[in-house]
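Single-structure report; data block below.
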There are 2 protein chains.
Amino acid sequence: MTTSLSPEDRLRAAGQRITSQRLLLLRLLDASDGHLDAESLFHAAQQEMPEINLSTIYRNLEVLTRAGLVAQRYFARDHSREYFELATTAEHYHFTCTQCGKIIEFETPLIAQVRSDLKRQHNVNIRHACICFEGLCPDCIPQSQP
Amino acid sequence: MTTSLSPEDRLRAAGQRITSQRLLLLRLLDASDGHLDAESLFHAAQQEMPEINLSTIYRNLEVLTRAGLVAQRYFARDHSREYFELATTAEHYHFTCTQCGKIIEFETPLIAQVRSDLKRQHNVNIRHACICFEGLCPDCIPQSQP
DNA sequence: TCCTTTTTGCGAATGATTTGCAAATATCGG
DNA sequence: CCGATATTTGCAAATCATTCGCAAAAAGGA
Ligand SMILES: [Mn+2]
Ligand SMILES: [Mn+2]
Ligand SMILES: [Zn+2]
Ligand SMILES: [Zn+2]
């Protein structure tokens with residue numbers, strides 16, 4: 001069981017340079033529930049660091065993702081925008097409500113099962129998977145007349 | 001068991017107007033293995049219809065997708081580009097080789113299982129899912145020394 | 001502290017997809 | 001078959017998230 005490291009130690013452990021922009025990004029992701037896009041992170045970051053640039057956000061999200069500290073996700077049918085969350089949480093998947101935008105996280109061993117079946121049956125080496133669902137959350141499902 | 005309808009009948013059955021551009025698009029998708037992007041379909045279409053426009057391709061792919069005749073997919077880690085295939089094939093999922101680009105299709109009942117678990121546990125109404133895997137296909141996995 | 005490498009801010013570029021518009025086409029009732 | 005009406009198309013320009021080139025600033029190591 002790992003005591004969660006400070007942003008600085010996480011960067012160090014990942015062999016990345018420690019910059020105030022990266023620390024800020026990690027702090028913002030720590031503070032949020034995750035599932036933020038570059039633009040939202042940019043706006044949040046500007047509160048503390050008004051001179052920070054959007055391309056710095058993008059570049060660092062890529063660095064952090066490749067370093068394994070952050071996970072990039074797609075939600076909803078429209079994959080036009082990338083979202084990010086800390087990679088520290090356990091493997092889980094997402095359901096997005098197309099009406100209100102709520103994201104429901106869930107776990108299941110079945111995806112791991114799919115992966116191992118796929119690996120065994122087709123002799124492939126799986127490096128990455130994108131699994132997401134969308135539809136209406138309980139609050140947004142129209143009720144039938146009582 | 002449905003005898004596969006002609007492109008024209010498929011459009012009619014879906015209540016969409018029959019245009020030569022749409023018929024061509026359906027024919028091209030019929031002829032290919034699917035998994036084509038708008039640009040490839042555009043190039044293929046131009047062979048038979050030199051004046052066809054790329055935005056017509058995009059617009060009709062959306063129409064056909066909404067009509068349920070075509071399915072839109074994302075492949076590879078870079079989801080920056082949409083791919084399409086006929087929606088007539090059985091529910092299946094995709095693995096993309098990041099090295100050679102090959103796409104391996106596979107079936108599994110486990111995803112349906114995930115959906116029903118998700119639906120039951122969170123009372124959501126699932127409308128769409130995006131499931132895709134990527135990595136190295138058998139041909140692209142480096143062999144260890146014999 | 002000095003030197004070398006990496007990162008940053010800035011502005012411009014990219015590239016897939018979308019959109020406004022007027023001309024062309026499909027559908028349909030007569 | 002014909003004309004009126006609703007849709008669709010080709011064209012050109014716009015979007016918009018993400019990427020890039022560059023010179024100045026900051027980080028890390030000796
Ligand atoms: Mn999550
Ligand atoms: Mn397929
Ligand atoms: Zn909702
Ligand atoms: Zn391959």
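These values consider heavy atoms only, across backbone and side chains, with no hydrogens, waters or symmetry-generated copies. Because the structure is predicted, anything quoted here is derived from the model rather than measured. Letters go in sequence order (proteins before strands), and every chain restarts at 1.
When the side-chain nitrogen and oxygen atoms of B/N53 are compared with OP1 and OP2 of D/dT8, none of them lie within a distance under 4.0 Å. The side chain of A/Q21 contributes an N or O atom lying less than 4.0 Å from OP1 or OP2 of C/dG9. Contact annotation: A/R17 side-chain N/O to C/dT5 OP1/OP2 distance is not under 4.0 Å. An OP1 or OP2 oxygen of C/dT25 is reached within less than 4.0 angstrom by no side-chain nitrogen or oxygen of B/T19.
Evaluation of atom-type donor-acceptor distances gives a pair under 3.5 Å for the side chain of A/S55 against the base of C/dC10. Evaluation of atom-type donor-acceptor distances gives a pair under 3.5 Å for the side chain of B/R59 against the base of D/dG10. Judged by distance alone with a 3.5 Å cut-off, no donor-acceptor contact links the side chain of A/R81 to the base of D/dA17.
Annotation: side chain of A/D30 is in contact with side chain of A/P7 (closest heavy-atom distance under 4.5 Å). Side-chain atoms of A/L54 and A/E39, non-hydrogen and from C-beta on, do get closer than 4.5 Å to each other. With a 4.5 Å cut-off on side-chain heavy atoms, B/H79 and B/C132 count as touching. Counting heavy atoms from C-beta outward, B/I131 and A/C130 have side chains that stay 4.5 Å or more apart. Contact check for B/Y93 versus B/E105: no side-chain heavy atoms found under the 4.5 Å cut-off.
The nearest heavy atom of DNA chain C to B/Y83 and to A/V63 marks one nucleotide each, and the one closer to the 5' end goes with A/V63. Nucleotides of DNA chain D nearest to A/S80 and A/S20 differ in position, and the one nearer the 5' end is that of A/S80.
Between the CD atom of B/Q46 and the P atom of D/dC11 there is a distance of 10 Å, given to the nearest Å. If you measure from atom NE2 of A/H43 to atom P of D/dA17, you get 11 Å, rounded to the nearest angstrom. Note: CD (A/E62) to P (D/dC20) measures 8 Å, nearest angstrom. As rounded to whole Å, 11 Å separates atom P of D/dT7 from atom CZ of B/R22. Atoms CG (A/L41) and C1' (D/dT18) sit 15 Å apart, rounded to a whole Å. Nucleotide D/dA27 holds its P atom 13 Å from the CZ atom of A/R12, rounded to whole Å. Atoms CG (A/N60) and P (D/dT19) sit 13 Å apart, rounded to a whole Å. Rounded to an integer number of Å, the gap from A/L25 CG to C/dT7 P is 14 Å.
Taking the six-membered ring where tryptophan is involved, the planes of A/H122 and B/F106 are tilted, since the angle between them lies from 30° to 60°.
Heavy atoms of B/E51 sit under 4.0 angstrom from primed sugar atoms or phosphate atoms, though from no base atom. At a threshold of 4.0 angstrom between heavy atoms, the contacts of A/D37 with the nucleic acid are absent.
Comparing atom distances between the A/E82 side chain and each of D/dT18, D/dT9, C/dG9 picks out D/dT18 as nearest. When the nucleotides C/dT8, C/dT5, D/dT18 are ranked by their closest atom to the side chain of A/Y58, D/dT18 comes out on top.
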